[in-house]
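Note sheet for the following structure.
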Amino acid sequence: MPELPEVETARRGLAPAMEGATFTRVKINRPNLRFPFPDNFAVRLENCQVREVTRRAKYLALYLDNEEVLVMHLGMSGSFHVEKLDTENIDGESLHHDRDRFAIHDHVIFYLENGKNQFQVTYNDPRRFGFMDLINSDQLANHKYFANLGIEPTGNSLDGECIRDLFTNRKAPLKAAILDQKLIAGLGNIYVCEALWQAGLSPKRQAKTLCTSSRVAKIRADKLADAIRDVIARAIEAGGSSLNDHRQTDGTLGYFQHRFNVYDREGENCNRKECAGNINRIVQSGRSTYYCGSCQK
DNA sequence: AAGTGAACCTGAAGGC
DNA sequence: TGCCTTCAGGTTCACT
C-alpha cells in the first residue's frame, strides 16, 4: 500500500500516542518480517522513551532517548492500529471490523505509557514485506536505507529545474524515473500514475525529454513537479488511499482512492473535461501503468 | 552504468 | 463448492 501519503498518515496517527511515551513491553509474534528482527529487539526498546516520530520517504524513524532510532517500513501491506487503553474502554470496541480475521498477521505489539495514558500499538502485515530495525542515530543518514534516497516530494523543494537535473540523460520511461526512489523518494505506483495524468504527460515518454533546452520541455518539467507535489499533498490531506485492508491508525479509512483519475480505472472514461479518451492499462517494468492515451502526451 | 524482470509472501478476485 | 491462475500499494538482486 503504503506510499508516502499513507506512511505520513501512519506517522500522524502514531505521534500522539508514542511521542513522549515509554515502551513498557514489546511483543513480537514471529522471528522476522521481510528480514529478521535485530538482536534483542524487544529488550532494547523496553524502557526507552520515544522522542519524536518522523518520516523520510516511505520510512518511519522513531528517535529514542537512548540514541537509537526505530526504523520501520510498511512494505506492501503493513499497517498500524493504535488503541488507547483506559478504564472505560478496556476491551476497545475496535473500528477494525475484520481485526479478528487478520489477527494472525498482528506481528508486533508495542505497549506504551506516558504517565497519563497507556497505548497499544499493533503492527499488522499480511504479506510481511515490511521490516523493522534499530540503528544508532549518528549512523542513520549514512545507513543503506537512507543514504541513497532522493528528494522528498513534499514542501516546495521539488520544482521543474530539479526534475530536469534529475532526469538528464535518463532513457528510462518517465514512469520508471519518477518511481525511482534514488531520484524522488516516496512515490509509488498509484501516485506516479496520478501525477502523470495530472501533468498530461505520457508514462512512456523518455525521462530525458523533459531536459532539453526547449521552452516546451521546461513547461512540461514544471507541470510534472507541480502535479507530483499537488497529488502527494492532496493525498496526505485525505488521509491516504484505502485499498483492501488499509486504514488509518484509528481504524478509519482514508478516502483519496475516491479521487483516482486513472489508477485501477482501465476502460473507463478519462476525467479530463475536454478529453474523450479512456484509460489504458499497460505493463512497465513489470507493474501496471494506467493512463489516458489521448491527453497524456 | 542503466534498465528490466524475477523473487520475496499472502489474500482477493475471476474463470471454469 | 472448490481449484486454478492472475494480480496487488515495495524493495532488492541477478541479469543484460
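By convention in this document, chain letters (A, B, ...) are assigned in the order of the sequence lines, proteins followed by strands, and residues within each chain are numbered from 1.
The aromatic rings of A:Phe146 and A:Tyr59 sit tilted, their planes meeting at an angle between 30° and 60°.
Here the side chains of A:Phe119 and A:Met18 are not in contact, with every heavy-atom distance at 4.5 Å or above. Contact annotation: the side chain of A:Asp65 never approaches that of A:Thr22 to less than 4.5 Å [non-hydrogen atoms, C-beta and beyond]. Counting only heavy atoms from C-beta outward, the side chains of A:Ile282 and A:Lys204 approach each other to under 4.5 Å. In this structure, the side chains of A:Phe260 and A:Glu194 come closer than 4.5 Å at one or more pairs of heavy atoms.
Taking atom CD1 of A:Ile232 as the reference point, atom C1' of C:dG9 lies 12 Å away to the nearest angstrom. The distance between atom CD of A:Gln284 and atom C1' of C:dA8, rounded to the nearest whole Å, is 17 Å. Note: CD1 (A:Ile184) to P (C:dT11) measures 14 Å, nearest angstrom. Residue A:Leu33 contributes atom CG, which lies 14 Å from atom C1' of C:dG10 at whole-angstrom precision. Rounded to an integer number of Å, the gap from CZ of A:Arg265 to C1' of C:dA8 is 19 Å. A straight line from CG of A:Leu74 to P of B:dC9 spans 19 Å, rounded to a whole angstrom. Protein atom CZ of A:Arg127 is 13 Å distant from nucleotide atom P of C:dT11, rounded to whole Å. Separating the CG atom of A:Asn124 from the P atom of B:dG11 is a distance of 10 Å, rounded to the nearest angstrom.
Under the Watson-Crick or G-U wobble criterion, with both distances below 3.5 Å, C:dG9 is left unpaired in every strand shown. When both distances must be under 3.5 Å, the Watson-Crick or G-U wobble mate of B:dC9 does not exist.
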- Task: Determine, step by step, whether A:Arg51 and A:Glu67 satisfy the salt bridge (charged side-chain N to carboxylate O under 4.0 Å, His left out) criterion, reporting the C-alpha distance in whole Å, the side-chain angles of both residues, the deciding distance to 0.1 Å, and the verdict.
- Result: CA-CA 10 Å; A:Arg51 283 190 174 137; A:Glu67 307 308 323; 3.2 Å; yes
- Would you sort out whether A:Glu8 and A:Arg11 count as a salt bridge (charged side-chain N to carboxylate O under 4.0 Å, His left out), showing the intermediate values? CA-CA 5 Å; A:Glu8 176 60 22; A:Arg11 189 197 70 74; 3.1 Å; yes
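Side-chain N/O atoms of A:Glu268 and A:Tyr290 include no donor and acceptor closer than 3.5 Å. A donor-acceptor pair shorter than 3.5 Å cannot be found between the side chains of A:Asn269 and A:Asn278.
Candidate nucleotides C:dG10, C:dC7, B:dT4 were compared by shortest atom distance to the side chain of A:Met76, and C:dG10 ranks first. Candidate nucleotides B:dT4, B:dT10, C:dG9 were compared by shortest atom distance to the side chain of A:Arg287, and C:dG9 ranks first.
Rounded to whole Å, the P atom of B:dA1 lies 23 Å from the corresponding atom of C:dT11. Rounded to a whole angstrom, the distance from the C1' atom of C:dT6 to that of B:dA6 is 16 Å. Between B:dG3 and C:dG9, the two C1' atoms lie 22 Å apart (nearest whole Å).
Partner of A:Phe131 under the ring-ring contact (aromatic ring centres under 6.0 Å, His included) criterion, out of A:Phe35, A:Tyr123, A:Phe37: A:Phe35 alone.
Taking 4.0 angstrom as the limit, A:His105 places none of its side-chain polar atoms (N or O) nearer than this to OP1 or OP2 of B:dC9. Note on A:Ser288: a side-chain N or O is less than 4.0 Å away from OP1 or OP2 of C:dA8.
Stacking of the aromatic ring of A:Phe129 onto the base of C:dT11 is not found under the criterion of centres within 5.5 Å and planes under 30°.
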Could you run down the sub-3.5 Å N/O contacts of the protein with nucleotides 12-16 of chain C?
| from | atom 1 | to | atom 2 | distance (Å) |
| --- | --- | --- | --- | --- |
| C:dT12 | O4' | A:Arg34 | NH2 | 3.4 |

Polar-atom pairs under 3.5 Å, protein N or O versus N or O of nucleotides 1-3 of chain B: list them with distances, or write none.
| from | atom 1 | to | atom 2 | distance (Å) |
| --- | --- | --- | --- | --- |
| B:dG3 | OP1 | A:Lys171 | N | 2.8 |
| B:dG3 | OP1 | A:Ala172 | N | 3.0 |
| B:dG3 | OP2 | A:Arg170 | NH1 | 3.2 |

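Nucleic acid contact class of A:Gln181 (heavy atoms, under 4.0 Å, all strands): sugar-phosphate only.
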